[in-house]
Chemist: 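Structure in structure tokens, see below.
Numbers restart at 1 for each chain; the letters A, B, ... are given by sequence-line order, proteins then strands.
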Protein chains: 2
Amino acid sequence: MIKHEQAIETLRLKGHRLTPQRLIVLSIIASSDGHMGVDEVFQAAKKTYPYMDIATVYRTLHLFKDLGVVTEVAIGDRLHFELTDLDGHHHHMVCRACNGAFNLSPHYLAEFRDTLNKEFGFEPDLEHFAVTGICIDCQRSEFESKEKQK
Amino acid sequence: MIKHEQAIETLRLKGHRLTPQRLIVLSIIASSDGHMGVDEVFQAAKKTYPYMDIATVYRTLHLFKDLGVVTEVAIGDRLHFELTDLDGHHHHMVCRACNGAFNLSPHYLAEFRDTLNKEFGFEPDLEHFAVTGICIDCQRSEFESKEKQK
DNA sequence: CATGTTATTGCAATCAATTGCGATTACTAA
DNA sequence: TTAGTAATCGCAATTGATTGCAATAACATG
Ligand SMILES: [Mn+2]
Ligand SMILES: [Mn+2]
Ligand SMILES: [Zn+2]
Ligand SMILES: [Zn+2]
């Protein structure tokens, strides 16, 4: 629970108010081990605070993101959030067929980033990147269902 | 205009109907040299066909995408479309500050794709990829405005 | 503890994108 | 050329995300 306390301290230091809505969203995100979709957060929040509004959830998550408390990741076309990983960044491979999310060490993208930097002076947004695709298991099932068809 | 005829032939071969709406969207996309946002296409289409509906524009663009006639690229959070580049794929760097889009040869991502393939058996969606970030010019302006501040 | 200031909230409106549905129309085949 | 049929369209409703605004509540100050 040290992380939780730290986040609250960050809020206070930057002059943000400690509202019940913010504390609830924080504890929900903190109690999850992976990413959470915005609606998941919203549904969970309504259970302890029925007046919670989806706009407040979005505003809170964006505030937490600005403060560095949570990290945003676009999976497909939906936004997901998770507590910022203090042990270093990571990326994701997300399967478009089964929605499985696999972690990816940052070094797989470091080279790409460096190349764009050196060759074009371009600084890409690759903090917490999710690349969609088809995982190895779903490639197999796809292959098998094609076999069966003939 | 050879491309245009080819697209029409593709529609007919796959059993899709040649509607005025489809022909208009096709000619608009074909007459543009870069990406077009969906609303750009819609506004242009309404000029020659005032009854055009935005839903039809989306459905038409998605059909064209499935047929391989156009390619979709997500720039920031908006979808853009362009005629499929027959001379080979390409990617983009898009500046978050000035919205400038720069083309990127596919070889910059080939390595990344191969690594995911070999190490994890993951097949990433990287057909027509756009990475956002800050271009070299905007990095300079950012730096200068920070200098001026002190 | 009471009070004033202002950040924050809930609600409704809005925007990009998608979808269900009944009306229309492109094409097939007589 | 003329139906018949299914694909397609326009329209309205819906969804995820965002925003303006008036009401509310967190917090500083006395
Ligand atoms: Mn993550
Ligand atoms: Mn392109
Ligand atoms: Zn999968
Ligand atoms: Zn720029």
Side-chain angles (χ1 to χ4, degrees), chain A residues 7-26 28 35-46 48-67 69-70 72-81 94 96 99 130 132, chain B residues 7-26 28 35-67 69-70 72-81 96 99 130 132:
Chain A
I8 290 176
E9 196 49 30
T10 305
L11 274 177
R12 173 165 282 136
L13 282 173
K14 297 267 178 86
H16 299 284
R17 293 182 182 172
L18 296 180
T19 65
Q21 293 91 336
R22 285 174 178 167
L23 298 177
I24 286 164
V25 169
L26 179 62
I28 289 168
H35 305 120
M36 289 188 81
V38 178
D39 197 63
E40 280 180 88
V41 177
F42 178 48
Q43 297 305 329
K46 273 203 294 195
T48 47
Y49 193 86
Y51 284 95
M52 182 70 75
D53 192 88
I54 187 71
T56 302
V57 173
Y58 275 103
R59 282 189 281 229
T60 303
L61 289 172
H62 288 153
L63 173 67
F64 287 174
K65 179 186 155 194
D66 289 343
L67 296 174
V69 169
V70 302
E72 179 188 282
V73 59
I75 299 189
D77 57 350
R78 300 280 163 81
L79 295 182
H80 286 238
F81 293 85
V94 179
R96 169 162 45 83
N99 286 315
T132 57
Chain B
I8 291 176
E9 195 50 31
T10 306
L11 275 177
R12 174 166 280 136
L13 281 174
K14 297 268 179 86
H16 299 285
R17 294 181 180 174
L18 296 181
T19 65
Q21 292 91 337
R22 285 175 179 167
L23 297 178
I24 286 163
V25 168
L26 179 61
I28 288 168
H35 304 121
M36 289 189 81
V38 178
D39 197 62
E40 280 179 89
V41 177
F42 178 48
Q43 296 305 328
K46 272 202 292 196
K47 278 177 190 158
T48 45
Y49 193 87
Y51 284 96
M52 181 71 74
D53 192 86
I54 187 71
T56 302
V57 173
Y58 276 105
R59 282 189 281 231
T60 302
L61 289 171
H62 287 154
L63 172 66
F64 287 174
K65 178 186 156 194
D66 289 343
L67 295 175
V69 170
V70 303
E72 179 188 281
V73 57
I75 298 189
D77 56 350
R78 300 280 164 81
L79 295 182
H80 286 237
F81 293 85
R96 170 162 46 84
N99 286 316
T132 57

Chemist: Here's a test of your reading of the structure: between A:V38 and B:M52, which maps to the more 5' nucleotide of DNA chain D?
Modeler: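 With A:V38 and B:M52 compared, the 5'-side residue is B:M52.
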
Chemist: Once you round it to whole Å, what is the distance between C1' of C:dA16 and CD of B:Q43?
Modeler: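 Roughly 13 Å, once rounded to whole Å.
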
Chemist: Within this structure, what is the CZ-to-C1' distance between A:R22 and D:dT24, rounded to whole angstrom?
Modeler: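 Nearest whole value for this atom pair: 14 Å.
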
Chemist: Given atom CG of A:L61 and atom C1' of D:dG16, what is their separation to the nearest angstrom?
Modeler: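 Nearest whole value for this atom pair: 14 Å.
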
Chemist: Going 5' to 3' through nucleotides 25-30 of chain D, assign each nucleotide B (protein heavy atom under 4.0 Å from a base atom), S (under 4.0 Å only from sugar-phosphate atoms) or - (no protein heavy atom that close).
Modeler: BBS---

Chemist: Hey, which of these two, A:G15 or B:D53, hits DNA chain C nearer its 5' end, going by closest nucleotide?
Modeler: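 That would be A:G15.
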
Chemist: Return the value, rounded to whole Å, for the distance between atom CG of B:L67 and atom P of D:dT8.
Modeler: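 Atom-to-atom, B:L67 to D:dT8, this comes out as 10 Å.
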
Chemist: How long is the line joining CZ of A:F81 and P of D:dG16, in whole Å?
Modeler: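 Distance, rounded to whole Å: 15 Å.
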
Chemist: B:K46 NZ to D:dG10 P: how many Å, rounded?
Modeler: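 My rounded result for the distance is 12 Å.
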
Chemist: Aromatic rings B:Y49 and B:Y51: how do their planes relate, parallel, tilted or perpendicular, breaks at 30° and 60°?
Modeler: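 Rings of B:Y49 and B:Y51: perpendicular, as their planes differ by over 60°.
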
Chemist: Working to the nearest 0.5 angstrom, can you tell me the gap between A:L79 CG and A:H62 NE2?
Modeler: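 NE2 of A:H62 is found 6.0 Å from CG of A:L79.
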
Chemist: If you measure from OG1 on B:T19 to CD1 on B:I24, what distance do you get to the nearest 0.5 Å?
Modeler: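 So the gap between those two atoms works out to 8.5 Å.
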
Chemist: Over how many whole Å does the gap from A:I54 atom CD1 to D:dT15 atom P extend?
Modeler: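 Atom-to-atom, A:I54 to D:dT15, this comes out as 13 Å.
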
Chemist: For B:F42, answer base if it contacts any base atom (sugar-phosphate contacts may also be present), sugar-phosphate if it contacts only those atoms, and nothing otherwise; contact means non-hydrogen atoms under 4.0 Å.
Modeler: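 If one applies the 4.0 Å heavy-atom cut-off, B:F42 turns out to touch nothing in the nucleic acid.
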
Chemist: Report the residues that fulfil salt bridge (charged side-chain N to carboxylate O under 4.0 Å, His left out) with B:R78, sequence neighbours left out, ordered by chain and then residue number.
Modeler: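 B:R78 satisfies salt bridge (charged side-chain N to carboxylate O under 4.0 Å, His left out) with no other residue.
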
Chemist: Under the criterion side chain to side chain contact (heavy atoms under 4.5 Å, CB included), which of B:V41, B:T60, B:V69, B:V38 is the partner of B:F81?
Modeler: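 For B:F81, the side chain to side chain contact (heavy atoms under 4.5 Å, CB included) test succeeds with only one of B:V41, B:T60, B:V69, B:V38, which is B:V38.
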
Chemist: In whole angstrom, what separates B:R59's CZ from C:dC21's P?
Modeler: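 The distance from CZ of B:R59 to P of C:dC21 comes to 13 Å, rounded to the nearest Å.
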
Chemist: So how far is it from A:R22 CZ to A:F64 CZ, rounded to the nearest 0.5 Å?
Modeler: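 Interatomic distance, A:R22 CZ to A:F64 CZ, rounded to 0.5 Å: 7.0 Å.
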
Chemist: With side chains defined as the heavy atoms from C-beta onward, is the minimum distance between A:Q43 and A:D39 less than 4.5 Å?
Modeler: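 Counting from C-beta outward, A:Q43 and A:D39 do come under 4.5 Å.
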
Chemist: Nearest nucleotide by nearest heavy atom, which residue falls closer to the 5' end of DNA chain C, A:Y51 or B:Y58?
Modeler: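 The residue whose closest nucleotide sits nearer the 5' end is A:Y51.
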
Chemist: Which part of the nucleic acid, if any, lies within contact of B:L79, taking any heavy atom under 4.0 Å across all strands shown: a base, the sugar-phosphate backbone alone, or nothing?
Modeler: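 Here B:L79 touches the backbone only, sparing every base.
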
Chemist: When you get a sec, tell me which of C:dC11, D:dC9, C:dT19 is the closest nucleotide to the side chain of B:A55?
Modeler: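 Out of C:dC11, D:dC9, C:dT19, the nucleotide with an atom closest to B:A55's side chain is C:dT19.
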
